[in-house]
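Down below is the structure, laid out as structure tokens.
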Amino acid sequence: TETNTSERGYVGGISGNNYGNIEGSFSSGSIKSKALYTGGISGSLTDTALIKNCYSTSNIEGYTDAGGIVGSIGGKVENCYSTGNVKGNRVGGITGFITGASAYLKNCFALNPSIDATHTENGRIVGTIISPSDVSNNYSWQYMMINGLVVSENQKNGIDINKAELENDVNWSNFVS
């Protein structure tokens, strides 16, 4: 999907503001917004929504809360991956922002070449985590660049993974089989 630049918020390759379930979907191309919430699959995800088994190869450029899969998470994201560049203010390879008691981000892969963030709240996986959100078992390219620098693994940056490890990872093999 080729998406032109939008002046509005809530921009995604599949959905702008997701209240339901999106499973087994993908986006490609370029997704740009000059406002809040920009993502490869959905701009925003409400507390009752789910994105599962999806991927995006889209290059993402947003203002605030931009991510390779979803701009802002209030619901659940699992078993997803992104491979495009992400640029904006408060950004991550998977999501820019996650918050909520029922919110989680699990078993995802941020395989983005780079993150270009204009704010200090950024990460290879997620830009900002607000408790009690569950962010666990996520992986990212070991040498992914954030603002031109390599960063170390932690909850926001995910577990380091290289190509050889990726090819042998059980979670990854579920995506490609």
Side-chain angles (χ1 to χ4, degrees), residues 1-3 12-15 18 21-31 38-42 45 49-62 65-73 75-88 90-98 103-117 121-129 133-177:
T1 304
E2 183 69 31
T3 304
I14 306 291
S15 168
N18 183 28
N21 295 343
I22 299 174
E23 296 187 45
S25 299
F26 74 95
S27 73
S28 62
S30 179
I31 300 170
T38 309
I41 299 297
S42 183
L45 188 66
L50 168 74
I51 294 177
K52 183 176 181 180
N53 300 329
C54 294
Y55 71 92
S56 174
T57 61
S58 300
N59 289 316
I60 308 298
E61 185 174 344
D65 296 339
I69 296 297
V70 61
S72 178
I73 298 173
K76 299 162 181 58
V77 175
E78 61 184 88
N79 304 334
C80 294
Y81 72 92
S82 63
T83 61
N85 293 310
V86 183
K87 181 178 182 179
R90 194 164 60 188
V91 299
I94 301 296
T95 186
F97 185 80
I98 183 169
Y104 70 72
L105 174 60
K106 297 179 181 180
N107 305 323
C108 291
F109 290 82
L111 306 176
N112 322 75
S114 67
I115 303 292
D116 184 9
E121 293 183 35
N122 57 70
R124 296 185 308 195
I125 298 293
V126 59
T128 300
I129 303 169
S133 306
D134 181 4
V135 177
S136 58
N137 201 43
N138 297 295
Y139 297 84
S140 59
W141 279 133
Q142 183 175 2
Y143 299 109
M144 181 193 300
M145 303 293 273
I146 297 181
N147 294 337
L149 302 172
V150 175
V151 296
S152 58
E153 65 180 60
N154 61 29
Q155 186 181 25
K156 286 174 57 172
N157 291 327
I159 301 164
D160 289 346
I161 195 163
N162 61 42
K163 186 175 181 178
E165 293 168 329
L166 182 65
E167 291 170 351
N168 293 316
D169 189 275
V170 173
N171 291 317
W172 178 253
S173 63
N174 291 334
F175 285 120
V176 294
S177 61

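Along the sequence shown, residues carry numbers from 1.
Judged by distance alone, the side chains of Asn112 and Ser82 do bring a donor and an acceptor atom under 3.5 Å apart.
Closest of all the heavy-atom pairs between Ser27 and Gly13 is CB-CA, 4.1 Å. Nearest heavy-atom pair across Gly68 and Ser56 is O-CB, 3.3 Å. Closest heavy-atom contact between Thr38 and Gly62: OG1-CA, 3.7 Å. Between Leu166 and Trp141 the shortest heavy-atom distance is CD2-CH2, 3.8 Å. Taking every heavy atom of both residues into account, Gln155 and Val135 meet most closely at NE2-O, 3.3 Å. Gly24 approaches Cys54 most closely through the heavy-atom pair N-SG, 3.7 Å.
The distance from the OG atom of Ser28 to the CG atom of Asn59 is 10.5 Å, given to the nearest 0.5 Å. Taking CD1 from Ile161 and CG from Asn168, the interatomic distance works out to 9.0 Å, rounded to the nearest 0.5 Å. Between the CG atom of Asn21 and the CG atom of Leu50 there is a distance of 4.5 Å, given to the nearest 0.5 Å. Interatomic distance, CD1 of Ile115 versus CG of Asn85, reported as 8.0 Å (0.5 Å rounding). Interatomic distance, Leu105 CG to Ile129 CD1, rounded to the nearest 0.5 Å: 8.0 Å. Taking OH of Tyr81 as the reference point, atom OH of Tyr55 lies at 5.0 Å (rounded to 0.5 Å).
Every residue two or more places apart in sequence or in another chain was checked for a side chain to side chain donor-acceptor pair (under 3.5 Å) with Thr57, and none qualifies. With sequence neighbours left out, Asn138 forms a side chain to side chain donor-acceptor pair (under 3.5 Å) with no residue at all. Qualifying salt bridge (charged side-chain N to carboxylate O under 4.0 Å, His left out) partners for Asp116, counting only residues two or more places apart in sequence or in other chains: none. Take Tyr139 and apply the ring pair (Phe, Tyr, Trp, His ring centres under 6.0 Å) test, not counting sequence neighbours, and it matches Phe109. Not counting sequence neighbours, the partners of Asp160 by the side chain to side chain donor-acceptor pair (under 3.5 Å) test are Arg124. Qualifying side chain to side chain contact (heavy atoms under 4.5 Å, CB included) partners for Glu167, counting only residues two or more places apart in sequence or in other chains: Lys163. Among residues two or more places apart in sequence or in another chain, the side chain to side chain contact (heavy atoms under 4.5 Å, CB included) test is passed with Asn162 by Gln142, Ala164, Glu165. Under the side chain to side chain donor-acceptor pair (under 3.5 Å) criterion, Asp134 pairs with Lys106, Ser136, not counting sequence neighbours.
The main-chain N or O of Ala117 is found under 3.5 Å from a side-chain atom of Asn147 such that the two form a donor-acceptor pair. In this structure, the side chain of Asn137 does not engage the main chain of Asn107 through any donor-acceptor pair within 3.5 Å. Checked by atom type and distance alone, the side chain of Lys76 never pairs as donor or acceptor with a backbone atom of Tyr104 at under 3.5 Å.
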Could you go step by step and tell me if Ile69 and Cys108 meet the side chain to side chain contact (heavy atoms under 4.5 Å, CB included) rule? CA-CA 10 Å; Ile69 296 297; Cys108 291; over 6 Å; no

With side chain to side chain contact (heavy atoms under 4.5 Å, CB included) as the test, would you mind laying out the steps for Val70 and Ile41 before giving the verdict? CA-CA 6 Å; Val70 61; Ile41 299 297; 5.9 Å; no

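The salt bridge (Lys or Arg N to Asp or Glu O under 4.0 Å) analysis of residues 49-61, with sequence neighbours excluded, yields the pairs Lys52-Glu78.
Side-chain contact check for Lys87 versus Ile60: every heavy-atom pair is 4.5 Å or farther apart. No side-chain heavy atom of Thr95 sits under 4.5 Å from any side-chain heavy atom of Val77.
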